[in-house]
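Written below as structure tokens is the structure these notes are about.
Hydrogens, waters and symmetry mates play no part in the numbers below; they use all other heavy atoms, side chains included. Numbering starts at 1 and runs along the sequence shown.
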Amino acid sequence: MNVENGISTYHENKDQISSKRLFSNLIQPNQLVGDLYSMNYETARVLIHDIYKSRVNGIPSLCFLIASRVDLNNEIDFKKEDSSVILLRVLDSTRLPNDSEAERIRVETAQRVSGETDKNWDSSGIMDTKTRSYLSYAAIECRIIGTFFLDKKREDETLEWHFGCDISNYYPNQGLKVFKPTNNALELIINYINPDVLIDYERKFGKTDRVRIGKVRYASTNRKYQNMDDIPVYLHPADLLAQKSAVFGMTRTGKSNTTKIIAKSVYNLRTPRYGYDSLRIGQIIFDPNGEYANENTQDANGDNPNALKNIYKSNVGIQKENEVVTYGLEPHPNDPERKIMKINFYSDQHLQIGKELINSTLQNENAQYIRNFAQINFEPPPISDISATTRYRRRVLAYRTLLNKSGFKSSFNPNISGLFNQEIRQTMINATDKDADKQNKIRSAAQTLNLKNPSWDALESAFLGLFYFLKTQAYSDFNQNYIAKSSTGESWADPGFESIIEMFSFTKAIRLFSKCLEQHSSSSNEDYADEIYDDLLKGKLVIIDQSAGDSELHSDVAKRILWRIFNGNMTEFRTGEIPKDILIYAEEAHNLLPSGNDMDMKDVWVRTAKEGAKLKIGLVYATQEVSSIHKNILKNTSNWFISHLNNTDETRELCKFYDFDDFEPSIRKAQDKGFLRVKTLSNYFVVPVQIDKFEIR
């Protein structure tokens with residue numbers, strides 16, 4: 001029994017020593033600002049005095065305060081209700097019961113010195129010391145953010161900090177001392193992560209380090225020498241993985257710099273530091289302005305290495321091709337290793353891919369002949385089915401000829417052997433039409449189709465003549481006889497073939513096709529979407545330069561790449577494998593993501609936003625307006641990086657989430673570049689941050 005008492009006493013003494021040490025890390029007696037005199041479960045009111053505000057170098061709006069009854073000079077029992085620290089955020093001033101009397105005194109005193117420029121109403125000799133002290137009391141209203149308290153670790157029974165997003169109790173007749181945390185105490189508060197979250201991250205991703213993204217900044221009026229000039233704010237990159245992250249703010253307020261900082265934090269996981277693991281995460285950035293893929297005037301001194309594509313230079317001896325890949329529709333003089341995102345629309349393996357790209361340019365067209373064409377699919381039939389293979393080859397030939405008419409250049413000549421027999425050609429020669437020009441075109445077509453290797457240009461006229469032929473009585477008679485003899489009961493010209501050759505009679509179709517010319521290369525052998533997905537699986541940073549070309553084209557390209565990523569990871573998920581983490585960045589997201597009133601579940605961005613978490617696809621979207629993003633996407637966004645927004649319509653949308661309501665006036669007024677309010681998945685509250693400038697070092 002004595003031994004047990006001794007062990008119990010030892011643990012109690014150990015807990016008391018540990019408690020005092022941990023509370024000393026938070027409570028700084030020299031940072032006393034006043035007393036908490038009134039509170040409820042949401043807000044607290046604090047009595048302050050000018051002399052205390054002066055000692056702590058001021059109490060700016062939205063700064064953090066802490067309130068506690070813990071006395072560091074006495075023993076601390078961490079199990080007691082009072083052994084905790086309440087975290088507060090300053091909202092505004094509030095009135096004291098004697099404010100009317102104090103205001104009357106100030107007005108009367110000010111009247112006595114009115115007109116005297118060398119004296120203020122609080123100057124020595126104008127107001128006595130006792131009155132001045134009486135008038136120096138004021139009150140501030142604070143938001144109660146939550147409670148820091150101590151609990152024991154499951155593994156070794158040592159004490160550690162825990163945080164709850166509320167208070168468990170309050171007493172109206174119980175005072176608490178209030179302090180303004182600075183230095184290490186403030187750093188501990190703003191960078192706190194629940195220990196259980198860290199354990200979960202370590203289980204999923206290994207032991208990975210947090211990275212600095214900036215420093216604490218409470219206000220636009222950012223005075224120095226307040227013992228908080230460089231209090232670092234850290235981001236845990238694991239917060240971003242398989243999550244949605246928003247970067248909002250007006251142009252030139254630091255969105256791009258913030259995106260670079262985020263991408264850098266994830267990229268640096270591949271470089272292990274002492275005690276931490278290496279983690280390679282594939283990242284892809286859709287870069288509409290070329291600011292990540294190219295050096296530009298925003299990066300300070302013209303030709304400097306601070307474009308994100310040069311991030312590999314931060315690790316000595318690392319080769320670019322192993323870490324960073326840039327893609328674009330056109331070459332760039334300063335990026336000779338850039339991969340060109342083009343496919344060969346004529347090649348067998350890219351035939352359907354090219355057709356889908358063309359379909360995307362036709363999606364807003366309502367003409368029946370275009371809608372019929374869009375339905376055609378170039379899925380090869382079994383080789384053993386000779387009849388179906390012949391029909392397929394005929395459709396492909398007509399489609400490739402249509403490409404040639406639209407300006408797509410080919411590296412090979414057509415082979416039409418076995419596609420148009422003597423009987424159909426002779427029928428065309430014998431056919432008659434009231435329109436002499438059409439009849440001549442039909443007969444000329446028959447002659448062209450008799451050649452083994454006609455030119456693409458010759459085939460253009462031939463297919464137009466063939467289309468006219470299909471409208472004649474001669475073809476109708478021929479086709480009835482053909483069907484009667486056929487084992488399948490099908491017409492000579494299947495609907496798909498008819499739809500393709502009908503396009504030759506409409507110049508509008510040719511103009512629509514030509515929108516995809518930028519994506520065609522007769523020398524390309526690979527599908528860039530497959531290459532990009534392969535790069536991402538290897539953990540590379542992929543930057544898609546979309547600064548040149550048509551915006552609609554870039555949107556279609558982005559969707560196609562995203563479908564490849566989505567379907568690739570979905571295949572892994574369905575087969576019981578663990579998909580690789582991939583992080584997607586959508587710059588100028590209003591051009592890519594569905595708008596605030598559009599939630600088409602067939603859209604790949606919508607599906608990625610809703611299903612990305614289980615497929616381990618994370619999304620970082622950046623834009624100027626909160627309202628431009630669909631509400632369902634906003635509701636499922638975990639990480640928020642908010643700079644200046646200049647109107648209440650946007651800030652009102654933002655106030656629906658977390659505690660951004662407290663920051664609404666500041667977000668609307670403060671226009672300082674890089675001044676953000678940040679809420680991350682592992683943090684429990686918004687932190688005002690001056691984001692570091694992106695540098696490669």
Side-chain angles (χ1 to χ4, degrees), residues 344-347 351 354-355 358 361-362 365 367-370 372-374 376 378 390-479 482 491-517 520 522:
N344 188 343
F345 277 57
Y346 286 86
S347 69
L351 206 63
K355 175 63 166 48
I358 289 175
T361 69
L362 308 177
E365 300 295 327
Q368 188 61 49
Y369 73 95
I370 291 180
N372 291 340
F373 173 81
I376 299 168
F378 288 107
T390 300
R391 292 172 183 277
Y392 174 75
R393 287 182 55 211
R394 204 178 283 145
R395 288 195 300 273
V396 169
L397 178 67
Y399 171 67
R400 285 172 172 163
T401 305
L402 197 58
L403 291 176
N404 182 77
K405 186 174 178 63
S406 303
F408 292 77
K409 301 304 178 184
S410 172
S411 59
F412 64 92
N413 293 321
N415 183 338
I416 67 172
S417 176
L419 297 182
F420 306 94
N421 62 24
Q422 173 65 30
E423 186 179 2
I424 189 70
R425 296 197 306 270
Q426 189 61 49
T427 306
M428 293 174 69
I429 293 173
N430 297 333
T432 60
D433 194 289
K434 293 180 181 179
D435 188 324
D437 182 59
K438 289 183 178 181
Q439 182 169 318
N440 289 334
K441 282 185 169 56
I442 294 171
R443 291 176 179 175
S444 176
Q447 295 173 359
T448 300
L449 297 178
N450 189 40
L451 302 175
K452 182 178 181 182
N453 296 110
S455 67
W456 291 112
D457 292 344
L459 281 175
E460 291 176 18
S461 299
F463 280 121
L464 179 59
L466 185 57
F467 172 68
Y468 292 150
F469 169 66
L470 298 184
K471 306 301 179 183
T472 65
Q473 184 61 43
Y475 172 72
S476 179
D477 295 339
F478 165 84
N479 196 42
Y482 180 88
S491 296
W492 179 86
D494 60 81
F497 181 69
E498 287 193 59
S499 296
I500 295 174
I501 64 175
E502 183 179 12
M503 300 286 280
F504 285 94
S505 62
F506 295 97
T507 56
K508 180 180 180 181
I510 305 305
R511 291 198 305 270
L512 292 171
F513 273 40
S514 63
K515 291 183 178 181
C516 292
L517 281 173
H520 170 68
S522 60

Item to complete: Could you tell me whether the side chain of Asn421 and the main chain of Ile424 form a donor-acceptor pair under 3.5 Å?
Response: yes
List, one per line, each side-chain donor-acceptor pair under 3.5 Å for residues 493-510, sequence neighbours excluded.
residue: Asp494; atom: OD1; partner: Arg395; partner atom: NH1; Å: 3.4
residue: Asp494; atom: OD1; partner: Gly496; partner atom: N; Å: 3.1
residue: Asp494; atom: OD1; partner: Phe497; partner atom: N; Å: 2.9
residue: Asp494; atom: OD2; partner: Arg395; partner atom: NH1; Å: 3.4
residue: Ser499; atom: OG; partner: Pro495; partner atom: O; Å: 3.0
residue: Ser505; atom: OG; partner: Glu502; partner atom: O; Å: 2.7
residue: Lys508; atom: NZ; partner: Glu365; partner atom: OE1; Å: 2.7

Worksheet item: Are any side-chain N or O atoms of Ser406 and backbone N or O atoms of Phe408, one a donor and one an acceptor, separated by less than 3.5 Å?
Response: no
Discussion item. Over 60° means perpendicular and under 30° means parallel, so tell me whether Trp456 and Tyr346 are parallel, tilted or perpendicular.
Written reply: tilted
Item to complete: Specify the closest pair of heavy atoms between Met428 and Arg443, including all atoms of both residues, with the distance to one decimal.
Response: O-CG, 4.0 Å
Worksheet item: With a 4.5 Å limit on heavy-atom distance, are the side chains of Phe420 and Leu466 in contact?
Response: yes
Item to complete: Give, for atom CD1 of Ile442 and atom NZ of Lys438, the distance between the pair rounded to the nearest 0.5 Å.
Response: 8.5 Å
Worksheet item: What are the two closest non-hydrogen atoms of Ala474 and Ala431, and how far apart are they?
Response: CB-CB, 3.7 Å
Discussion item. Quick one about Asn479 and Ser491 (side-chain donor to acceptor, distance below 3.5 Å, no hydrogens or angles considered), yes or no?
Written reply: yes
Worksheet item: To the nearest 0.5 Å, how far apart are OG in Ser514 and CG in Leu403?
Response: 11.5 Å
Item to complete: Please report the closest heavy-atom contact between Leu351 and Phe345, naming both atoms and the distance.
Response: CD1-O, 3.5 Å
Item to complete: For Arg394 and Tyr399, run side-chain contact (heavy atoms from CB on, under 4.5 Å): C-alpha distance rounded to whole Å, both residues' side-chain angles, the deciding distance at 0.1 Å, then the answer.
Response: CA-CA 9 Å; Arg394 204 178 283 145; Tyr399 171 67; over 6 Å; no
Worksheet item: Taking atom CG of Asn430 and atom CG of Asp477, what is their separation to the nearest 0.5 Å?
Response: 12.0 Å
Worksheet, complete the sentence: Closest non-hydrogen atoms of Lys355 and Ala374, given as atom of the first, atom of the second and distance, are NZ-O, 3.4 Å
Discussion item. Testing the 3.5 Å rule here: is there a donor-acceptor pair between the side chains of Asp435 and Gln439?
Written reply: no
Worksheet item: Considering all heavy atoms of both residues, which atom of Leu512 and which atom of Thr361 are nearest to each other, and what is their separation?
Response: O-OG1, 3.6 Å
Worksheet entry | Beyond-backbone contact of Leu397 with Leu459, side-chain heavy atoms, under 4.5 angstrom | yes
Distance-only criterion, 3.5 Å: show the donor-acceptor pairs between side-chain atoms of residues 448-455 and protein atoms not counting sequence neighbours.
residue: Thr448; atom: OG1; partner: Ser444; partner atom: O; Å: 3.2
residue: Asn450; atom: OD1; partner: Arg425; partner atom: NE; Å: 3.2
residue: Asn450; atom: OD1; partner: Arg425; partner atom: NH2; Å: 2.9
residue: Asn453; atom: ND2; partner: Pro414; partner atom: O; Å: 3.0
residue: Ser455; atom: OG; partner: Ala458; partner atom: N; Å: 3.0

Item to complete: Give a yes or no answer on whether the side chain of Asn344 reaches the backbone of Ser522 with a donor-acceptor pair at less than 3.5 Å.
Response: yes
Worksheet item: Cation over ring, Arg391 on Trp492, under 6.0 Å and within 45°?
Response: no
Fill in: Tyr468 six-ring face occupied by Lys441 cation (under 6.0 Å, within 45°)
no
